[in-house]
Amino acid sequence: MNSNSRLEKPDVLIAGAGMAGLALAAALADSEVSVLLIDPQMPPSPDQWPDAFDPRVSALTHASENILRKLGVWDDMAQYRISPFAHMDVWDRDGTGNIQFHARDVGEEHVGHIVENRITTHCLLQRVQAADNIEIRQQGLQKILERDQADGWLVVLEDGAELQPAILVGADGGRSRVRDQLGFRCRTWDYGQQAIVTTVKTEQPHQCTARQVFLESGPLAFLPLQEGAGNHHRSCISSIVWTLGHEQSKALTEMDDAAFCSQLAQAFEHRLGAVLSVDRRFRFPLIQNHAVYYAMPGVALIGDAAHSLHPLAGQGINLGFLDAAVLAEEIHRAAENQLPMQDFSILRRYQRRRKPHNLLMMSAMEGFKQLFGADLAPLRVLRNRGMSLFNQHGHLKNHIMVRAMGMEGDLPVLAQPGLLADF
Ligand SMILES: Cc1cc2nc3c(=O)[nH]c(=O)nc-3n(C[C@H](O)[C@H](O)[C@H](O)COP(=O)(O)OP(=O)(O)OC[C@H]3O[C@@H](n4cnc5c(N)ncnc54)[C@H](O)[C@@H]3O)c2cc1C
């Protein structure tokens, strides 16, 4: 394909080379489907990475691990750094509520892995670059013009190139231009909160445990990271996600390191002793957004473009990877059955398979958020008793955890355990 010449007509145009867009491209790699992947900002390569840990990390589930394994990138990611965690400890600062979970309770070695986003995007990009059927361009999508019933939407890139893909995929994140330009309706609410993310070193080792405390101001999570080549259990490095109101988060981001470390250790009840050092702090606004539809003729939304949710459950990109896997599965199925890529049934099936699952997860997260944000005394008592009862009810707890770990439910083939994808 050649920019600035005749109208280009790839089968699939993916706008956005974040984790979701890259995963979709990788799942379409080495097939008959022609793919163009565009993004004005390509993921940085390791020689551009600063020495510090990436402040943006994701807790990846077993389903995401399976997808990344089958896409052939997991082992590359492991060469850089992936941090398994085997335990979870969640408690409520207000009372006595406490939930603990061990991977061994469901016969597993780990609950999931904490992985820096830059490692995932870099390894996925390398996979995509190696595929003959995928072209990558460092260009933004500028506008979407009218739709030709037979051939699809006319798309203009920032360099003026015009394209007419059979399928346009909006993988362009929470502020998706594809979604907004085409008028996809959304249910949106602003939490009025921000998340501070950074990396800290604590006095005591994290022992491969992901910890989260529900404070009055919002949840505070410590996610265990691997420190060098040493024993992971003994590592004292954690990535933190601290959810707070705007003013509090601004004040905490601007205060000096020593004062921040002291406030953080106090908020975390010194569960890992003192906080000894902190990297640069970043703030992200927290907005929940869910597109009412994920598809219209010729266009589909995946990842944060379709849904962004509170990071308290660490599910955002895990849902995004499942979107990518299901959409790829439907595109491969259509190609096998020689269905034209413009056939809307492909995208309708994708939407039907993904929306109820995402909606369930988002409602559960919102319920959690409301329950833990509640100040009313009866709700507090209920919540503490509920947490303790839940903790004691092994069967129910394991059932819910197995779902949250992405080991059960209607999973696409790519997300199921096993060696090879069988589309
Ligand atoms: C504090 C915090 C903690 C989180 N923790 C977790 C966690 O533990 N686990 C988890 O699963 N999720 C987590 N998430 C959510 C997760 O980070 C997101 O769900 C994920 O990054 C979304 O990926 P994406 O590819 O959909 O979008 P993005 O990462 O936003 O990528 C979108 C891409 O589109 C590109 N783009 C934008 N506009 C255009 C355009 N016009 N044309 C072409 N390209 C364009 C951008 O440059 C970008 O590369 C967390 C989020 C936050 C804020």
Side-chain angles (χ1 to χ4, degrees), residues 13-25 36-44 54-61 63-65 67 83 85 111-118 120-121 124-125 136-144 155-159 163 168-181 191 193-198 210 212 218-224 239-244 249 281-289 291 301-324 358 361-362 365 404 406:
L13 169 62
I14 305 172
M19 290 187 279
L22 283 163
L24 174 63
L36 176 60
L37 174 66
I38 57 163
D39 196 313
Q41 278 183 307
M42 284 296 161
D54 187 352
R56 294 212 54 174
V57 305
S58 300
L60 300 182
T61 59
S64 293
E65 178 185 341
I67 291 172
S83 310
F85 62 101
V111 178
H113 287 82
I114 310 297
V115 186
E116 292 152 84
N117 290 1
R118 70 183 179 201
T120 311
T121 49
L124 280 167
L125 180 62
I136 304 170
R137 273 194 224 159
Q138 187 152 0
Q139 281 297 327
L141 177 149
Q142 194 188 45
K143 56 186 174 201
I144 304 168
V155 175
V156 183
L157 304 191
E158 277 165 358
D159 66 355
L163 303 150
L168 165 63
V169 180
D172 48 347
R175 295 184 181 166
S176 168
R177 185 172 282 194
V178 173
R179 182 191 65 213
D180 295 348
Q181 280 206 3
Y191 286 115
Q193 285 189 313
Q194 295 187 325
I196 300 177
V197 297
T198 186
Q212 181 153 283
L220 164 62
F222 272 57
L223 307 171
S239 176
I240 66 143
V241 183
W242 193 355
T243 308
L244 300 139
S249 67
R281 285 153 261 166
F282 295 85
R283 276 186 290 153
F284 294 94
L286 296 180
I287 292 170
Q288 172 132 317
N289 195 23
L301 303 176
I302 64 169
D304 275 23
H307 45 73
S308 31
L309 64 166
H310 199 286
L312 77 87
Q315 284 295 337
I317 196 53
N318 291 303
L319 302 185
F321 282 144
L322 288 168
D323 294 346
N358 290 343
M361 188 58 81
M362 293 181 86
M365 285 315 103

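All residue numbers refer to positions in the sequence shown, counting from 1. Just follow the structure's listing: the first ligand is 1, and inside any ligand the first atom is 1.
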Under 4.0 Å from a heavy atom of [X]: which atoms of ligand 1 are those, numbered in the order shown and with their elements?
{"X": "Gly303", "value": "26 (O)"}
{"X": "Val197", "value": "1 (C)"}
{"X": "Leu141", "value": "40 (C), 41 (N), 42 (N), 43 (C)"}
{"X": "Ala59", "value": "7 (C), 8 (O), 9 (N)"}
{"X": "Asn318", "value": "11 (O)"}
{"X": "Ile38", "value": "43 (C), 44 (N)"}

Donor-acceptor contact below 3.5 Å, side chain [X] vs main chain [Y]:
{"X": "Arg283", "Y": "Val197", "answer": "no"}
{"X": "Asp323", "Y": "Ile302", "answer": "no"}
{"X": "Asn289", "Y": "Ser308", "answer": "no"}
{"X": "Asn358", "Y": "Gly303", "answer": "no"}
{"X": "Gln288", "Y": "His307", "answer": "no"}

Would you indicate which of [options] comes nearest to [atom] when only heavy atoms are counted?
{"atom": "atom 51 (C) of ligand 1", "options": "Arg56, Arg177, Gln315, His307", "value": "Arg56"}
{"atom": "atom 27 (O) of ligand 1", "options": "Gly173, Ala17, Ser64", "value": "Gly173"}
{"atom": "atom 32 (C) of ligand 1", "options": "Gly16, Ala171, Ala20", "value": "Ala171"}

Set of residues satisfying side chain to side chain donor-acceptor pair (under 3.5 Å) with respect to Asp172, sequence neighbours excluded: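 Scan of Asp172 (side chain to side chain donor-acceptor pair (under 3.5 Å), adjacent residues dropped) gives Ser176.
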Can you confirm, on distance only, whether ligand 1 has an N/O atom lying under 3.5 Å from any N/O atom belonging to [X]?
{"X": "Phe284", "result": "no"}
{"X": "Gly316", "result": "yes"}
{"X": "Ile317", "result": "yes"}

Option passing side chain to side chain donor-acceptor pair (under 3.5 Å) with Ser249 (candidates Gln193, Arg281, Gln194):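 So, applying the side chain to side chain donor-acceptor pair (under 3.5 Å) to Ser249 and each of Gln193, Arg281, Gln194, only Gln194 qualifies.
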Residues forming a ring pair (Phe, Tyr, Trp, His ring centres under 6.0 Å) with His113, sequence neighbours excluded: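 His113: ring pair (Phe, Tyr, Trp, His ring centres under 6.0 Å) contacts with Trp74, His110.
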Heavy-atom side-chain proximity of Leu157 to Gln142 below 4.5 angstrom: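 No, every pair of side-chain atoms sits at 4.5 Å or beyond.
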Region of Val57 that comes within reach of ligand 1 [heavy atoms, distance under 4.0 Å]: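 Looking at Val57 and ligand 1, just backbone atoms fall under 4.0 Å.
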